[in-house]
Every structure is written in C-alpha cells, then in structure tokens.
Amino acid sequence: MRNPKRAVTLGEGWTPLVRMRGLERRLPSGRLWIKREEQNPTGSFKARGFSVALTVAGEFGVRKTAVNSNGNAGSALAAYAAVAGMEAHVFLPADCPGPIVRECAGYGAFTVLVDGLIHDAGSIVREGAREQGWHDVGTLREPGRAEGKKTMGLEIAEQLGWKLPDIIVYPTGGGSGVIGMWRAFRQLIGMGLVSGDLPRFVSVQEEGCSPLVDALAQGKAFAGRQANVTSSPTGLRVPRPPDGQLLAAILRETGGTAVAVTREEIAEAARELGLHGISASPEGAAAWAGLLRVADQGFVRRGEDIVLFNTSHALKYLPWRWTDVPVVRNYREWKLLCAENGKAESGTAK
Ligand SMILES: *Cc1c(COP(=O)(O)O)cnc(C)c1O
C-alpha cells in the first residue's frame, strides 16, 4: 500500500485468545484456548479480510463491489464499503438469518436474497461483474481476503509467546481462513520467528454439506461438489469450496483432519459454550463439537496446545426472518427488479 492513511479499517483484529480451563475438563488431554473472533467489527472474522480487500481495491480505484455470501462476508463487505465510500451489492441465500440480512442493509449495501445456495448467488455476482463492472470480492476471487485472514495466524503465534499451537480447530466453509493461517505459519517459520511443525488443522463441517470430509475419506484429490445439501444456513454451507484441492492438501500435509458434526451436536455445543460464558455462532459451536469428536478418537496428545475458533456471535443467528428484502433466482430477475424499482442497474441510487 502506498499510503497507510488510506487503509480501510474499523479496528478489526487483535481479538482475545482466552484459556478455557473449564472446558479443558471435557477433553481427555490438552490445553484449550478460544480465539474470540466474534469480537471483530461486524461480529465475525470476515472483517479482517474485507479490511485488506477493500484497501487494495481502493488503490486500484474500485468504486463498485459485490459479493456472494452465507451472511458474514456480506455484512463485512457492507460495512467496509461504507467506510471506503464504495458501492456494495450483497447476494445472500434466502434462508440467511434475519439479523445478518438486516445488518447488510443497515450498512447501506444493496442487499438481495437469492433463491438458492451460495454458488447460485455467485453466478449472479459473476454476471454483474461482467455487465456492471462490479469488483467481485467473493471467496478467493481476489487476494486481499486471504491475506487479511493471515493476521489470525500471526496473532495466535504472538499471543502464545511466539510459539505455534499443536492443533487448530476451525469451522470451515470456503476455507480462506485455513489457507490464510497456513500461509502465515509457513512465513513465520521461514523467517525464523517460530520453530517446529505446522499446527495440525482440524476442519469442522456440518453433516449435509461436508465436501472436505468427503474428499479426505475418498483419499484422492478434491472430490467436492456435494449434490444433496441439507445442512443449516451458516458459513459452513459451501458445497463447492473454490480451492478445495489446496484445503484438502493442507489438512493432509499438516497431519490434520476434517470432521462433520450433526445439527444436534452443534446445538448442544452452543449450549455448553454458553455455560462457559462464550456466545458462539453455530460455526463456533460446530468447532467445539468437532473437537470433542476428534479428542474422543485420540487425536489430541498429552500436553498439546489447542486453539479453537469462535468465528461469530450467537446473536447474529437469532431465528427471525427479514421480510422486506427482495428475493431473486438469477441475474435476469435481478435486472427486472432494478427496472421495477426504477433504480439504475449499477445502483447509483446510493
Ligand atoms: C465464513 C465463515 C466461516 C467459514 O470460514 P472460511 O474461512 O470461509 O472457511 C466460519 N464461521 C463463520 C461465522 C463464517 O462467517
């Protein structure tokens, strides 16, 4: 970046890393920390990526941005675009939790629900990028978001006294968090700031959409593309991770694993984290449920350090719907909607 004063920021990052002794009693062995990513601006770690992505975009003179998202990437784009003075178009699956939909609109983004899954929303963004000139900030469509997520890896090392944990438990959807932290750890080792092995990454998914678990089980290059998606509307519901090959390779190379937990296990895990003072989103709760599972299978060795990610807040997932946001199925319907609203397609109404 040429001019640090032009960084697009809302104070993201440097979230607490809290030792959870009470929860450690539930594990056969190991020391547990929770990285409290729900304390970021916009209530999720997505803020880190969008700070960098929009700072970079600003350097290139970008004015119009768009993203497909299960929710938190949408609200992070909305907030950071508001700071940067850019236009934001956010496309979310129609069953996205109401508070998050409301949040996107509240930051002034053009917010539209899509009758489909995150990749259906992605098709709309792709067409709009071609026709409207939007800058596509979808997962791994530009370099900034993964770079921003590297800061999670750098912080953990610093917060643990320049030492890497043995295990990272991360609720995984598109996977840019895993990719970002893996890069950060390799760079820290390369620079000699930390030594030892890379942490073993445990990717936790939900049953009904677990392409990484399937890829590892099938023991070949990334299989992915789960046909019948039945999991709940969270950041984990990504049937086609854009770089599933790399994700699967990271899990294998670090000696990690992937595990899919049930909706019931997630609910129970959220309850348990709540009783230890942590407001966990379903994704953060899934991570705890996943850790209990793999610990049960002997994955955690004596004296090991575990960092578990609570990626968002329970409050963002309150079960109510927001009804005055339009729903479309594809780009053509989006254009019709704009015509009906008498709004310029490019959304100059803002
Ligand atoms: C996006 C998201 C995830 C998944 O993160 P990836 O790095 O995209 O795999 C997990 N939890 C929450 C709350 C999210 O918003």
Side-chain angles (χ1 to χ4, degrees), residues 12 15 34-50 53 67-79 90 92-93 96-97 99-101 103-104 118-119 121-122 137-141 144-153 168-184 201-206 209-213 224 231-244 246-248 250-251 256 258 261 266 269-270 273 278-290 308-317:
E12 58 290 330
T15 55
I34 291 189
K35 183 72 169 152
R36 303 209 57 186
E37 288 297 295
E38 85 285 356
Q39 298 198 15
N40 275 296
T42 74
S44 86
F45 70 93
K46 293 289 195 301
R48 297 174 183 267
F50 281 94
V67 79
N68 60 314
S69 163
N70 277 323
N72 291 319
S75 67
L77 170 64
V90 172
L92 309 165
C96 179
I100 305 182
V101 180
E103 193 191 358
C104 295
I118 186 166
H119 50 267
V137 272
T139 303
L140 301 180
R141 306 294 296 187
R145 285 180 57 194
E147 283 298 301
K149 286 184 180 177
K150 271 166 73 173
T151 55
M152 297 191 291
I168 300 268
V169 187
Y170 188 84
T172 309
S176 59
V178 168
I179 294 170
M181 281 191 277
W182 173 74
R183 283 189 192 150
F201 281 92
V202 178
S203 274
V204 183
Q205 308 203 288
E206 184 183 336
C209 182
S210 53
L212 274 171
V213 179
S231 65
S232 33
T234 73
L236 306 184
R237 197 179 62 184
V238 183
R240 307 173 190 175
D243 203 345
L246 177 58
L247 277 174
I250 291 171
L251 299 184
V261 295
I266 292 173
L273 289 174
I278 302 286
S279 166
S281 69
E283 298 91 340
W288 173 236
L308 184 139
F309 276 81
N310 184 39
T311 44
S312 183
H313 230 291
L315 291 177
K316 297 187 76 169
Y317 295 77

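For ligands, and for the atoms within them, numbers begin at 1 and follow the listed sequence. Computed from a prediction, not measured in an experiment: that's the story for all the values here. Here, residue 1 is the first one in the sequence, and each next residue gets the next number.
- Using a cut-off of 4.0 Å between Lys/Arg side-chain N and Asp/Glu carboxylate O, E147 and R183 are scored as salt-bridged.
- For the pair E206 and R237, the salt-bridge criterion is not met [side-chain N within less than 4.0 Å of a carboxylate O].
- Here the side chains of P233 and P93 are not in contact, with every heavy-atom distance at 4.5 Å or above.
- Between the S281 side chain and the G284 main chain, a donor and an acceptor come within less than 3.5 Å of each other.
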Just the distances, no angles: every ligand 1 N or O to protein N or O pair closer than 3.5 Å, one line each.
residue  : atom   : partner : partner atom : Å
ligand 1 : 5 (O)  : Y170    : OH           : 3.4
ligand 1 : 7 (O)  : K149    : NZ           : 3.2
ligand 1 : 7 (O)  : Y170    : OH           : 2.7
ligand 1 : 7 (O)  : S176    : N            : 3.4
ligand 1 : 7 (O)  : G177    : N            : 2.9
ligand 1 : 8 (O)  : G174    : N            : 3.4
ligand 1 : 8 (O)  : G175    : N            : 3.4
ligand 1 : 9 (O)  : G173    : N            : 2.7
ligand 1 : 9 (O)  : G174    : N            : 3.3
ligand 1 : 9 (O)  : G175    : N            : 2.6
ligand 1 : 11 (N) : T311    : OG1          : 2.7
ligand 1 : 15 (O) : K46     : NZ           : 2.7
ligand 1 : 15 (O) : N72     : ND2          : 2.9

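- Between the side chains of S75 and K46, not a single donor N or O lies within less than 3.5 Å of an accepting N or O.
- Side-chain atoms of R145 come within 3.5 Å of backbone atoms of V137 as a donor-acceptor pair (strictly under, hydrogens ignored).
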